[in-house]
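Written below as structure tokens is the structure these notes are about.
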Amino acid sequence: MHLQRLHQLFARLSTGSPRTSVAQLPEDGRLALPMELWDALFTHCSDDTLLNLAIVCRPFNERSILTLLWLNGNSASDIAEGHYAVHPTVLPAFSRALYIPPPKNIVCDLPITPDLPQHLDVLSDFACSPRAVTLDSLTLQLPRGHEWLYDPSNQDLLRRTITSIAGSIVKEVIILVAKNFIRLPVQKLGEFFVRDEASVKYPLYAFAIPCLDSLTFHFHRTSSPSTVIVINDVEVMNIETVPDEVRPGPHHLNAALSHVVLPHLTSLTISLDSIDPTMMRAFLLRHPQVTHIQDERIYSFESPESDFTALISPPIELPNLQQVRTRNAALLIDTAPSKPRKITIDWGHPIVEVFNRDFDSVLQYLSQCETKTHLEISTWSLPRTLSDRHVDLATQLRCVDTFQLSSASFKDPELCLRWIGLFPALEEVSFGGWRKVIKMQENPDDLLRIARSILLSPGGKNIVLGIGV
């Protein structure tokens with residue numbers, strides 16, 4: 001029927017028959033053609049033509065902008081959810097488009113063209129406009145190492161753009177670069193981004209502009225707003241939360257982790273106390289690709305009997321989790337549904353009561369575990385004594401089939417080896433792990449000889465021995 005109506009229209013025009021009077025035209029002037037036909041026609045238009053059509057009327061503005069987005073790689077589902085990949089030539093029209101789903105996440109690839117300064121200005125103005133109130137993230141992709149990034153005037157332009165976007169809702173930002181979080185006032189951003197790598201004396205205090213691949217601004221618009229800037233997110237494969245005068249404290253870090261998304265993250269180390277366990281769980285649910293988690297929080301020396309603080313609450317199942325590293329059972333309990341294959345324990349503590357508390361909690365957890373486990377114990381030096389409870393729990397570790405002992409020194413290993421020999425399901429034992437950092441003081445062959453004499457007694461278990469990496 002629509003096609004017939006279109007044929008009738010062109011027939012009247014070609015035969016010179018009286019034209020439809022203005023009074024008979026639809027109010028929007030579209031000659032009553034269905035929008036499906038306009039959509040089909042728009043797909044054959046160039047980007048420049050679509051940009052011109054966007055200023056005709058409201059329906060044309062909506063359909064032409066949507067067509068531009070479709071033709072530039074945006075799927076209908078992404079657009080409906082507010083996720084946009086915007087080509088620089090579309091930026092001016094996109095920033096004025098009022099009839100598309102509100103933007104939540106925008107990615108803009110910025111090739112080096114004469115119009116790049118104008119594109120940066122448009123992005124900056126948009127990020128500071130009321131239309132950006134729904135924006136959760138804005139990503140700028142830049143050509144790393146391009147000569148344009150070495151020009152001082154262009155560097156100044158980038159600094160102004162970064163400062164303007166970052167300061168649109170806050171006066172202080174959190175920067176994530178490589179594996180470090182850094183807290184910085186907005187007015188100091190210009191000093192943080194320096195002209196070249198030779199100007200970077202301390203990585204925590206500066207970043208070279210020519211090394212930029214991408215900048216992602218994550219906006220948290222709540223009663224306590226925050227902005228996180230992720231530099232070169234493809235390089236952020238692990239993060240550490242270490243207390244430091246330039247790093248964010250628990251309050252700022254909780255705010256940052258509550259909304260940031262790191263697509264390449266695989267490893268997470270928590271060294272800072274007072275991390276919100278429910279926030280950490282939400283963060284990990286957004287990052288199911290994580291394979292390693294390490295708990296380096298320091299527990300009270302004065303209160304060895306105190307309970308461990310949960311890192312993740314409630315416990316979480318991560319489909320790709322392979323290894324957890326901890327001093328006690330807190331993280332093991334938090335990640336129990338994930339059933340990680342490898343568990344690494346930092347063995348030893350200068351206060352005996354704290355060591356006994358930590359190690360008892362780990363052995364107690366493992367004694368109730370049924371999943372086959374590769375247990376690694378990492379220690380500076382081997383213990384000279386083991387409690388009766390440690391000996392008793394060792395006989396209950398039916399889940400441990402592979403054991404690795406990593407130490408800087410293997411002096412006097414007999415006690416430890418006899419304790420390892422109590423594991424009922426042990427199939428493989430290896431030694432080493434610290435040789436990459438500290439050269440092993442003892443001859444590995446001597447260690448293996450002693451291990452064979454203790455672990456491979458006649459009629460005993462068939463255990464594979466070796467020196468690990």
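- Remark: the backbone N or O of Leu135 is paired with a side-chain donor or acceptor of Arg221 at under 3.5 angstrom.
- With Ser338 contributing its side chain and Leu318 its backbone, the two residues share a donor-acceptor pair below 3.5 Å.
- Ring-plane geometry between Phe207 and Phe192 is classed as parallel, the angle between the planes falling under 30 degrees on a 0 to 90 degree scale with a further cut at 60.
- Side-chain contact check for Thr344 and Gln323: at least one donor-acceptor pair (N or O, by modelled atom type) lies under 3.5 Å.
- Thr278 and Asp276 form a side-chain donor-acceptor contact under 3.5 Å, judged by distance and modelled atom types alone.
- Asn238 places no side-chain N or O within 3.5 Å of a backbone atom of Ser267 that could act as its donor or acceptor partner.
- Salt bridge status for Arg96 with Glu62: absent, with no side-chain N to carboxylate O gap under 4.0 Å.
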Step by step, would you call Asp401 with Arg341 a salt bridge (charged side-chain N to carboxylate O under 4.0 Å, His left out)?
CA-CA 11 Å; Asp401 63 347; Arg341 167 61 179 156; 3.1 Å; yes
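- Two residues are said to be in side-chain contact when any heavy atoms from C-beta on lie closer than 4.5 Å; Thr227 and Ile174 fail this criterion.
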Would Glu235 and Arg144 count as a salt bridge (charged side-chain N to carboxylate O under 4.0 Å, His left out) here? Give the steps.
CA-CA 13 Å; Glu235 298 175 1; Arg144 181 173 185 162; 2.6 Å; yes
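- Below 30°, between 30° and 60°, or above 60°: for Phe219 and Phe217 the angle between ring planes is below 30°, a parallel geometry.
- No hydrogens or angles considered: a donor-acceptor pair under 3.5 Å links the side chains of Glu376 and Ser406.
- The backbone N or O of Val173 lies less than 3.5 Å from no partner atom in the side chain of Arg183, so there is not a single donor-acceptor pair.
- In the model, Thr49 has a side-chain atom that pairs as donor or acceptor with a side-chain atom of Ser46 under 3.5 Å.
- A side-chain donor-acceptor contact under 3.5 Å links Ser137 and Asn105.
- By the 30° and 60° cut-offs, the orientation of the rings of Phe94 relative to Phe126 is tilted.
- A 6.0 Å sphere centred on CD of Gln368 holds more than 12 heavy atoms belonging to other residues, nucleotides or ligands.
- Side-chain contact check for Phe193 versus Ile162: some heavy-atom pair is nearer than 4.5 Å.
- Using a 4.0 Å cut-off between a side-chain N of Lys or Arg and a carboxylate O of Asp or Glu, Lys104 and Glu81 do not qualify as a salt bridge.
- Between Asp295 and Arg327 there is no salt bridge, since no side-chain nitrogen of the basic residue lies less than 4.0 Å from a carboxylate oxygen of the acidic one.
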